[in-house]
Amino acid sequence: MRVEGRESKIAGALLAHYDVHARRLPWRAPPGTNASDPYRVWLSEVMLQQTTVAAVGPYFARFTTSWPTVEELAAAQDADVMAAWAGLGYYARARNLLSCARAVVRDHDGRFPDTEEGLRGLPGVGAYTAAAVAAIAFGRRAVVVDANVERVVARLFAIDTPLPAARSAIRAAADRITPDARAGDFAQAMMDLGATICTPRNPACGICPLRQDCAAFATADPAAFPVKAPKKVKPHRLGHGWWIERDGHVWLVRRPDKGLLGGMRALPSSDWGAAPEWTPPVDAAWTSLAEPVSHVFTHFSLALALHRAHLDAGMEPNGTGEWWPIDRIGEAGLPTLFARAVEAVRRDKDARDAKD
DNA sequence: CATCCGTGGGC
DNA sequence: TGCCCAAGGAT
């Protein structure tokens with residue numbers, strides 16, 4: 001695409017601002033250097049999918065310490081990687097992360113493809129991540145469009161078509177302002193701008209380097225862009241979960257690879273729904289907690305009723321699982337819902353002990 | 001194009 | 001407090 005006139009002015013002003021104000025982030029090459037490890041760029045981009053910079057920080061540090069290279073990650077145990085990802089959410093990313101690392105080692109001699117097309121063929125790498133890695137790690141011109149870029153571009157050009165229908169127009173406009181040189185810096189500069197100045201609410205237009213070129217700034221309400229389709233209501237679901245204890249251990253199961261919390265360790269639980277059928281996984285003297293654990297997922301909210309029991313030596317619940325030492329439950333890699341269920345059981349036990 | 005898939009922080 | 005939102009991808 002040609003870059004000229006107003007379009008090139010935007011890139012120039014943004015890059016000049018970025019040269020002074022770029023955020024220092026753990027996965028970014030230090031200022032003034034061109035070093036960029038494709039493994040670290042890819043790892044950070046996958047972690048940052050639908051996830052905030054603040055949440056990713058400690059996970060990125062732990063992953064790069066445990067697995068400094070793609071070869072080492074490819075050789076890791078599945079359960080270790082899933083446990084290290086616990087709490088970060090969208091667990092299909094962790095499964096795809098491992099598949100991708102192994103594909104890079106097996107099919108690409110341990111080196112990430114350096115083109116969008118090549119990257120796009122890897123598990124967990126979609127249009128955004130392929131463009132971001134191609135631009136940031138390999139200096140390729142690529143049109144990088146994430147939610148920040150969507151917002152910035154929709155405002156720059158006052159695109160009032162509601163999302164997601166506006167995606168094609170936004171992408172075309174992003175293409176027009178993407179420079180041939182420094183495409184990686186440009187992409188990161190757009191994302192920095194969206195994260196710190198051109199924010200969803202109360203954008204700081206007064207300090208924005210692009211306000212002279214921004215069609216939304218010229219309107220009464222720049223924050224009205226982008227326009228979004230109304231969202232649908234979240235249904236409520238109910239479920240039952242079981243804390244089964246035996247000799248200092250608790251019974252944990254592994255959830256199926258596909259679906260919600262796929263591949264993660266968990267407490268055994270019933271189906272979740274409007275009025276789910278439920279039968280405890282073992283015949284025992286059950287004590288029910290007074291309050292369920294409430295948790296909100298992307299497309300529904302859940303109230304998980306909890307029940308706990310002790311088993312005698314030698315007794316086993318139905319189905320497949322493992323006895324996990326309770327004093328090391330923090331190492332089980334439970335997703336947040338079940339980590340909170342564990343906390344609720346602990347509080348319930350403490351309350352009863354205090355009464356005795 | 002719509003749906004499914006987590007979680008924590010900000011206001 | 002409830003709602004919005006985030007460096008999206010797979011199906």
Side-chain angles (χ1 to χ4, degrees), chain A residues 23 25-28 40-60 82 85-97 99-100 119-137 142-152 162-168 171 174 184 186-196 198-203 223 226 228-237 255-264 266 272 294-302 333-340:
Chain A
R23 290 181 292 174
L25 301 174
W27 43 87
R28 272 187 191 166
R40 293 167 64 89
V41 173
W42 160 77
L43 177 62
S44 69
E45 290 300 341
V46 173
M47 287 184 165
L48 286 161
Q49 289 166 5
Q50 295 288 285
T51 307
T52 57
V53 165
V56 165
Y59 286 86
F60 183 80
M82 298 308 289
W85 197 277
L88 200 53
Y90 285 139
Y91 299 98
R93 291 185 295 171
R95 298 194 299 279
N96 288 330
L97 190 82
S99 300
C100 182
L119 290 159
R120 191 67 178 75
L122 296 169
V125 177
Y128 163 77
T129 303
V133 174
I136 297 168
V143 182
V144 180
V145 183
D146 75 326
N148 288 300
V149 175
E150 281 186 354
R151 183 171 59 256
V152 171
L163 287 170
R167 293 251 151 81
S168 60
R171 183 184 176 76
F186 178 77
Q188 295 181 89
M190 289 285 278
M191 294 189 275
D192 273 18
L193 190 76
T196 62
C198 194
T199 51
R201 285 170 291 190
N202 302 318
K228 296 198 173 181
K231 54 191 54 179
K232 43 184 63 173
V233 297
K234 276 181 192 184
H236 300 284
R237 295 185 190 173
R255 295 177 60 83
D257 277 330
K258 303 205 179 234
L260 192 77
L261 309 178
M264 303 299 288
W272 305 343
S294 294
H295 195 71
V296 179
F297 293 100
T298 305
H299 57 293
F300 67 94
S301 59
L302 174 72
L334 294 175
T336 298
L337 165 67
F338 291 106
R340 290 174 59 188

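Letters A, B, ... are given to chains in the order of the sequence lines, protein chains preceding strands, and every chain is numbered from 1. Only heavy atoms go into these numbers, but all of them, side chains included; no hydrogens, no water, no symmetry mates.
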Spacing of [X] atom [atom1] and [Y] atom [atom2] [to the nearest 0.5 Å]:
| X | Y | atom1 | atom2 | answer |
| --- | --- | --- | --- | --- |
| A/Arg255 | A/Leu261 | CZ | CG | 5.0 Å |
| A/Asp192 | A/Arg23 | CG | CZ | 4.0 Å |
| A/Phe186 | A/Leu193 | CZ | CG | 10.0 Å |

Just wondering, do [Y] and [X] contact through their side chains at under 4.5 Å, heavy atoms?
| X | Y | value |
| --- | --- | --- |
| A/Glu150 | A/Arg167 | yes |
| A/Val53 | A/Trp27 | yes |
| A/Glu45 | A/Ile136 | yes |

Once you measure the plane-to-plane angle for A/Phe300 and A/Phe297, does it fall in the parallel (<30°), tilted (30-60°) or perpendicular (>60°) bin?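 Rings of A/Phe300 and A/Phe297: tilted, 30 to 60°.
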Quick one: sort the A/Phe338 and A/Trp272 rings into parallel, tilted or perpendicular, breaks at 30° and 60°. tilted
Quick one: label [X] by what it contacts on the DNA or RNA (base, sugar-phosphate, nothing), any heavy atom closer than 4.0 Å.
| X | result |
| --- | --- |
| A/Thr336 | sugar-phosphate |
| A/Trp27 | base |
| A/Leu88 | base |
| A/Gly262 | nothing |
| A/Ser44 | nothing |
| A/Leu25 | base |
| A/Lys232 | sugar-phosphate |
| A/Ala127 | sugar-phosphate |
| A/Ala55 | nothing |
| A/Val149 | nothing |
| A/Arg151 | sugar-phosphate |

Segment of DNA chain C, first to last nucleotide, that comes within the 4.0 Å heavy-atom reach of chain A: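 The contacted stretch runs from C/dC4 to C/dA10.
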Cut-off 3.5 Å, side chains only: do A/Arg93 and A/Gln49 have a donor facing an acceptor?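 Their side chains do not contain a donor-acceptor pair, so the 3.5 Å distance test is not met.
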Between A/Arg151 and A/Asn148, is any side-chain donor less than 3.5 angstrom from a side-chain acceptor?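 Yes - a donor-acceptor pair under 3.5 Å links their side chains.
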Closest-nucleotide 5' rank along DNA chain B - winner of A/Ala92 and A/Arg201: A/Ala92
Let me know, please, whether A/Lys231 or A/Pro123 comes out on the 5' side of the other along DNA chain C by nearest nucleotide.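 Taking each residue's closest nucleotide, the earlier one in sequence belongs to A/Lys231.
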Expressed as a whole number of Å, how far does the P atom of C/dT11 sit from that of B/dG6?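 14 Å, rounded to whole Å.
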Please give the distance between the P atoms of C/dA7 and B/dT3 as a whole number of Å. 24 Å
Using a heavy-atom cut-off of 4.0 Å to chain A, what are the terminal contacting nucleotides of DNA chain B, in 5' to 3' order? B/dA2 to B/dG10
